[in-house]
Amino acid sequence: MKKLIILIAVLFTVSAQAKELNLSCETKGTQWNLYLNTADMTGTRSDENTRGKMGIQSSSYTLVISKGTEAVPIDIVKTVISRTDLSVTEEIMIDMGISGMKPINKVFTGKCIVKQAPENKI
């Protein structure tokens with residue numbers, strides 16, 4: 001009976017999936033925090049004031065933050081985090097909205113680590 005309870009507990013733990021990811025990332029020498037919520041498929045970055053939409057692929061998490069209006073996205077930040085090694089690729093597209101001028105596209109790479117919860121000192 002004791003082995004059965006342990007087996008059920010292990011299976012439940014393995015099948016449970018994290019609903020929130022809290023990462024500390026660094027690209028182009030800048031550190032920022034990334035919060036992803038897999039339940040409502042949204043995320044935020046500490047260096048952006050806007051919430052973005054998130055997607056989950058088998059190999060990565062993708063967060064897209066669009067600034068501006070829905071009709072004309074002026075500035076788009078796409079952040080892709082590898083699920084295997086937590087490497088991050090950040091793509092920034094700036095569209096000035098001027099006809100004939102191509103959008104500016106910049107790509108940066110870096111690394112993320114899992115951000116630890118603060119220690120309970122009660």
For this session: First locate atom CG of N22, then atom SG of C112, and finally report the distance between them rounded to the nearest 0.5 Å.
Result: 11.0 Å
For this session: Can you measure from CG (N33) to SG (C25) and round to the nearest 0.5 angstrom?
Result: 8.0 Å
Exercise. With hydrophobic residues grouped by side-chain heavy-atom distances under 4.5 Å, do M54 and V114 end up in a single group?
Worked result: yes
Seminar exercise, completed: Applying side-chain hydrogen bond (donor to acceptor under 3.5 Å, both in side chains) to T27 and not counting sequence neighbours gives W32, E90
Exercise. Does V64 share a hydrophobic cluster with M93, counting links as ILVMFWY side-chain heavy atoms below 4.5 Å and allowing steps through other members?
Worked result: yes
Problem set entry | Contacts of type side-chain hydrogen bond (donor to acceptor under 3.5 Å, both in side chains), residue D47, not counting sequence neighbours | R45
Exercise. What pair of heavy atoms forms the shortest contact from T38 to E20, and how long is it?
Worked result: OG1-N, 4.5 Å
Problem set entry | With T30 via side-chain hydrogen bond (donor to acceptor under 3.5 Å, both in side chains) - residues at least two apart | none
Exercise. So do M41 and I56 actually touch side chain to side chain, heavy atoms under 4.5 Å?
Worked result: yes
Problem set entry | Listed partners of K106 passing salt bridge (Lys or Arg N to Asp or Glu O under 4.0 Å), at least two apart | none
For this session: Side-chain contact test, heavy atoms from C-beta onward, threshold under 4.5 Å: evaluate it for L86 versus V88 and give yes or no.
Result: no
Exercise. Do the non-hydrogen side-chain atoms of L21 and Y61 ever get within less than 4.5 Å of each other?
Worked result: yes
Exercise. Which atom names give the shortest non-hydrogen contact between D75 and I92, and what distance separates them?
Worked result: OD1-CG2, 3.8 Å
Problem set entry | Stepwise side chain to side chain contact (heavy atoms under 4.5 Å, CB included) check, T42 with R51 | CA-CA 7 Å; T42 61; R51 179 178 292 223; 3.4 Å; yes
Problem set entry | Over all atoms of both residues, closest heavy-atom pair of I65 and G52 | CG1-CA, 3.8 Å
For this session: Please lay out, stage by stage, how Q57 and T62 fare under the test side-chain hydrogen bond (donor to acceptor under 3.5 Å, both in side chains).
Result: CA-CA 8 Å; Q57 291 79 32; T62 303; 3.1 Å; yes
Exercise. Which residues pass the side-chain hydrogen bond (donor to acceptor under 3.5 Å, both in side chains) test with T84, sequence neighbours left out?
Worked result: S82
Exercise. Any chance NZ of K78 has more than 12 other-residue heavy atoms, nucleotides or ligands included, within less than 6.0 Å?
Worked result: no
Problem set entry | Counterpart residues, side chain to side chain contact (heavy atoms under 4.5 Å, CB included), relative to Q31 (two or more places apart) | S24, E26
For this session: For residues L63 and L36, determine if any side-chain heavy atom of one lies less than 4.5 Å from a side-chain heavy atom of the other.
Result: yes
Exercise. So, do E91 and V107 sit near enough that their side-chain heavy atoms are less than 4.5 Å apart?
Worked result: yes
Exercise. Short question: side chain of K111, backbone of D85 - any donor-acceptor pair under 3.5 Å?
Worked result: yes
